[in-house]
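All chains are named by letter (A, B, ...) in the order of the sequence lines, taking the proteins before the strands, and each is independently numbered beginning at 1. Because the structure is predicted, anything quoted here is derived from the model rather than measured.
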Amino acid sequence: MIDLVQLRREPDVVKAALARRGVSVAEVEKAVALDIEHRQLLQEAERLRAEVKELSRKVGEARRNKDGATADELTATSRALGDDERVASEATDLVASRLRELLLMMPNLPDDRVPDGADESDNVELRRWWPGMDDGAPFPSFGDHQRVPHWEIGRELGILDMESGAKLAGSMFALYRGAGARLLRALSSLSLNRQSDAYEEIRPPSLALTETMMSTGHLPKSADDMYAVERDGLWAIPTGEVPLTSLRRGEILDESELPLRLTAQTNCFRREAGAAGKDTRGLLRVHEFEKVELFAYCTPEQADDAHADILRRAEELLQELGLPYRLLNLCTGDLGTASAYTIDLEVFSPGVDRWLEVSSVSWFRDFQARRANVRYRTSDGSTALVHTVNGSALGWARVWAALVETYHQEDGSVRLPDVLASYFGGDATIR
RNA sequence: GGAGGGAUGACAGAGCGGCCGAAUGUACCGGUCUUGAAAACCGGCGUGGGCUUGCCCACCGUGGGUUCAAAUCCCACUCCCUCCGCCA
């Protein structure tokens, strides 16, 4: 949620920033007007309530003094005022909830570093990495044996069975088997092992309350993209970010705890509404995938470092796996609702000949912290909202795809990088 | 799923419907004392919001209700504990 105080103080700044993200000026002005109206109503309601309280105090006093006549008179007056108070309060609450609804639908203010743009085609590529580039090697030219899509390799080797996934849960659900399943497990283990020096490992529930989903900004705006367990009022988490951000919801952290870094491996559920049929072959886009998330609560001053640390760790994993990738600075049109600044990592898939998003490293400023009400105690004793940052390290379905294609041998086997060998009993070749 | 008990400030723990935003203890912060520390003593010590910055309002698990007045009474829900049932 954006900062109401900032909206009051510098409405033009907010209007300009949100206009970059396609929020109309009229929308912002409506919020400003509702805020003014709300405060006026609030003053009146509180004035009446103060009077009722004062009268009630006097009623009690009169009763103690056995002055029944005065007490009855005051009671009557207070009762009438109470009716007025109720009306005023209801009017106040109505405006407050309208304002809240409006604010909940508004996206975060984009950072200055975010380029303007309409959609993903306007994202700005920052740089690329590939094995050997430091020694002057060119971007790899992939052989014909690497130009085979992962779903074909997966079927050939019996390690990926999309048909069975569909049989069990419908299309766009994957089923890994044998070495394919083991590879998935190895990737999560590898990542979690790499993060253990600085990030506490968490195993959160896969389902979340509506309130939990609200805190990250996934609800109310993106309800159609979430799986709902309606009967119990729960939602399947689309990312580990959801439970991690709410882990300390409503709490005041001590500044000495920050940055508080957490990591979690979770399954991520996404309905991908409207995506049916497009770029959905194999593992390109699935309804459920495994991901390791990195997350930090931090002070505003720590946010840049925390963001850089997550990005570095995600990059290091891709480098260890030897997969070429690129970094994109997301433009205003592609930025997630809650994010102020996001760097995407895309791995290259030679078999599909496309770049695949495997991580989004985002800084949310205090947008999520305001919704989740996570604050910290500063050294001078006051409280302030924390900043949240998070990123994947990594989303495994697409990494799995890129690995299988990149390391596909001419003889049809897949020889995985040595870093994974220990997870395969020493020989990470799938035949 | 059934029966019972509970939920109050950082923690522990009081709180006959009316000077209760809340006793007391611990922790914490400041001070006195001390060579220093401990102990003792003194003082301070929740979070939001509004505006005329001095006041007002809200918050005692959550949401309703009763009342002139609710931490306190009523209803529903959630969570925790104990017991029974079921179960990976």
Side-chain angles (χ1 to χ4, degrees), chain A residues 1-9 31-100 102-104 203-215 229-235 243 246-258 260 267 297 366-386:
Chain A
M1 203 149 68
I2 62 166
D3 182 7
L4 195 53
V5 175
Q6 183 189 17
L7 180 62
R8 253 174 234 163
R9 273 211 268 269
V32 173
L34 280 172
D35 175 47
I36 292 170
E37 188 185 356
H38 173 248
R39 279 182 291 158
Q40 285 170 345
L41 290 168
L42 185 65
Q43 279 176 56
E44 175 64 6
E46 288 192 347
R47 206 206 83 227
L48 288 166
R49 197 168 311 142
E51 266 190 72
V52 169
K53 287 181 69 170
E54 179 59 26
L55 284 170
S56 295
R57 228 167 278 143
K58 287 181 177 164
V59 171
E61 211 173 296
R63 288 245 183 275
R64 261 193 305 282
N65 297 334
K66 308 284 191 218
D67 187 352
T70 304
D72 290 345
E73 191 183 320
L74 289 170
T75 298
T77 312
S78 183
R79 186 181 297 152
L81 267 175
D83 290 340
D84 293 348
E85 190 274 336
R86 192 167 309 123
V87 171
S89 284
E90 277 167 15
T92 308
D93 293 346
L94 183 69
V95 173
S97 67
R98 287 223 305 264
L99 175 59
R100 185 175 157 75
L102 192 61
L103 290 175
L104 280 175
R203 269 289 185 153
S206 300
L207 300 180
L209 298 168
T210 298
E211 192 182 352
T212 307
M213 297 284 283
M214 285 277 213
S215 295
V229 186
E230 281 182 38
R231 173 169 156 156
D232 297 291
L234 293 166
W235 304 78
S246 277
L247 188 62
R248 304 298 289 271
R249 186 170 65 220
E251 296 185 32
I252 299 176
L253 312 178
D254 197 280
E255 187 168 5
S256 63
E257 291 183 76
L258 305 177
L260 180 58
N267 285 24
Y297 295 111
D366 58 13
F367 186 91
Q368 293 180 326
R370 183 170 294 105
R371 288 181 169 222
N373 196 24
V374 182
R375 292 165 290 171
Y376 69 101
R377 177 91 48 198
T378 63
S379 46
D380 67 7
S382 62
T383 60
L385 291 165
V386 300

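As the counterpart of B:rA14, no nucleotide is assigned, since no Watson-Crick or G-U wobble pattern has both distances under 3.5 Å. The partner of B:rA23 cannot be assigned: no Watson-Crick or G-U wobble pair with both contacts below 3.5 Å exists in any strand. The pairing partner recorded for B:rU35 is none, the criterion being a Watson-Crick or G-U wobble arrangement whose two distances lie under 3.5 angstrom. Using N1 to N3 plus N6-O4 or O6-N4 for Watson-Crick, or N1-O2 and O6-N3 for G-U wobble, each under 3.5 Å, B:rC77 pairs with B:rG61. The partner of B:rG1, taking Watson-Crick or G-U wobble pairs whose two distances both stay under 3.5 Å, is B:rC84.
For the OP1/OP2 pair of B:rG17 and a distance below 4.0 Å, the side-chain nitrogens and oxygens of A:R57 include no atom meeting the criterion. Within the structure, a side-chain polar atom (N or O) of A:R39 is placed less than 4.0 Å from OP1 or OP2 of B:rC51. The phosphate of B:rU47 (OP1 or OP2) has a side-chain N or O of A:R377 nearer than 4.0 angstrom.
Using a 4.0 Å cut-off between charged nitrogen and carboxylate oxygen, A:R79 and A:D83 do not count as a salt-bridge pair. A:D366 and A:R371 are not joined by a salt bridge, as no carboxylate oxygen comes within less than 4.0 angstrom of a charged side-chain nitrogen. Ion pair A:E51/A:R47 flagged as a salt bridge, since at least one NZ, NE, NH1 or NH2 atom sits closer than 4.0 Å to an Asp/Glu carboxylate oxygen.
Residue A:D83 contributes atom CG, which lies 9 Å from atom P of B:rA69 at whole-angstrom precision. Distance CD (A:E54) to C1' (B:rC68): 13 Å, rounded to an integer number of Å. B:rA10 atom P lies 7 Å from atom CD1 of A:I252, rounded to whole Å. Between the CZ atom of A:R64 and the C1' atom of B:rA69 there is a distance of 12 Å, given to the nearest Å. B:rC56 atom P lies 23 Å from atom CD of A:Q40, rounded to whole Å. Look at CG on A:L74: it is 13 Å from P on B:rC68, rounded to the nearest Å. In this structure, CD of A:E51 is placed 14 Å from P of B:rA69, rounded to the nearest angstrom. To the nearest angstrom, P of B:rA58 lies 11 Å from CG of A:L42.
Among the protein residues, A:R375 comes within range of the sugar-phosphate backbone only, with heavy atoms under 4.0 Å from sugar or phosphate atoms but none that close to a base. A:R86 comes within 4.0 angstrom of no nucleic acid atom, judged by non-hydrogen atoms across all strands. Contacts of A:K53 with the nucleic acid, taken as non-hydrogen atoms under 4.0 Å apart, involve only primed sugar atoms and P, OP1 or OP2. Residue-level contact check: A:S78 touches the backbone only, with heavy atoms under 4.0 Å from sugar-phosphate atoms and none from bases.
Both A:R47 and A:V52 lie close to RNA chain B; mapped to their nearest nucleotides by heavy-atom distance, the more 5′-ward contact belongs to A:R47. When the nearest nucleotides of RNA chain B are assigned to A:L55 and A:G60 by heavy-atom distance, the more 5′-ward of the two goes with A:G60.
Listed candidates were B:rG50, B:rC68, B:rC57. Nearest to the side chain of A:R49 is B:rC57.
Among A:T92, A:I36, A:D93, the one residue that satisfies the side chain to side chain contact (heavy atoms under 4.5 Å, CB included) test with A:L41 is A:T92. Here the options are A:E54, A:E85, A:E44, the test is side chain to side chain donor-acceptor pair (under 3.5 Å), and the partner is A:R49; only A:E85 passes.
Other residues, nucleotides and ligands place no more than 12 heavy atoms under 6.0 Å from the CZ atom of A:R100.
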